[in-house]
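Heavy-atom basis, side chains included; hydrogens, waters and symmetry copies ignored. None of the values given here were measured: they were computed from a predicted structure.
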Amino acid sequence: MLVIYQLLDLILGVVYWIMIIHIIMSWLISFQVLNMHQPFVGQLWTGLNKLLEPIYRPIRRFMPDTHPLDLAPLVAFVGLIALRSIILPAIFL
């Protein structure tokens, strides 16, 4: 049982850091610190969006449309923190 807990915690930890990188990168792109015309930045941004879109899409379906501000990453991030620090230990420990 401990192995399953550690595996799930590792996966959620990786997703946590991918989301952190995506959120910080979105800020840097918005404030024009990063240029999307650079090949590495464009590829990294596209890859992160493809990885995280399956998480964000269901959240966007039930959230109200706040067009200039996307709240799906914030909701997913808070949910991930709750899952990792509250729900997962309550189930396995």
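Heavy atoms only, all atoms of each residue included: Met63 and Ile59 are closest at CG-O, 2.9 Å. Heavy atoms only, all atoms of each residue included: Leu48 and Met25 are closest at CD1-SD, 3.9 Å. Closest heavy-atom contact between Leu88 and Asp9: CD2-N, 3.9 Å.
Side-chain atoms of Arg60 and Asp65, non-hydrogen and from C-beta on, never get closer than 4.5 Å to each other. The shortest distance between side-chain heavy atoms of Val15 and Met19 falls below 4.5 Å.
Between atom CD1 of residue Ile11 and atom CG of residue Leu7 there is a gap of 4.0 Å, rounded to the nearest 0.5 Å. Here CE of Met36 is found 10.5 Å from CD of Gln43. Values are rounded to the nearest 0.5 Å. Interatomic distance, Tyr56 OH to Leu74 CG, rounded to the nearest 0.5 Å: 10.0 Å. One finds the CG atom of Asn49 at 9.5 Å from the CG atom of Leu44 (value rounded to the nearest 0.5 Å). Separating the NE2 atom in His22 from the CG atom in Leu52 is a distance of 5.5 Å, to the nearest 0.5 Å. Taking CH2 from Trp45 and CG from Leu34, the interatomic distance works out to 9.5 Å, rounded to the nearest 0.5 Å.
In this structure, Tyr16 and Phe77 have parallel ring planes: the angle between them is below the 30° cut-off, well short of the 60° mark.
Both Ile4 and Leu83 are assigned to one and the same hydrophobic cluster, defined by single-linkage of ILVMFWY side chains at heavy-atom distances under 4.5 Å. Using a 4.5 Å cut-off between side-chain heavy atoms of Ile, Leu, Val, Met, Phe, Trp and Tyr, with links allowed through other members, Ile87 and Val78 fall into different hydrophobic clusters. Cluster membership for Val33 and Ile20, using ILVMFWY side-chain heavy atoms within less than 4.5 angstrom, is shared. Cluster annotation: Phe40 is connected to Ile24 through the hydrophobic network of ILVMFWY side chains, with a link wherever side-chain heavy atoms come within less than 4.5 Å. Side-chain heavy atoms closer than 4.5 Å link hydrophobic residues (I, L, V, M, F, W, Y) into clusters, and following such links, even through other members, never connects Val3 to Val14.
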Set out, in order, the CA-CA distance, both residues' side-chain angles and the distance that settles side-chain contact (heavy atoms from CB on, under 4.5 Å) for Asn35 and Val41, then state yes or no.
CA-CA 7 Å; Asn35 186 0; Val41 173; over 6 Å; no
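Atom CZ of Phe62 sits in a crowded spot, with more than 12 heavy atoms from other residues, nucleotides or ligands closer than 6.0 Å.
With Ser26 contributing its side chain and Ile23 its backbone, the two residues share a donor-acceptor pair below 3.5 Å.
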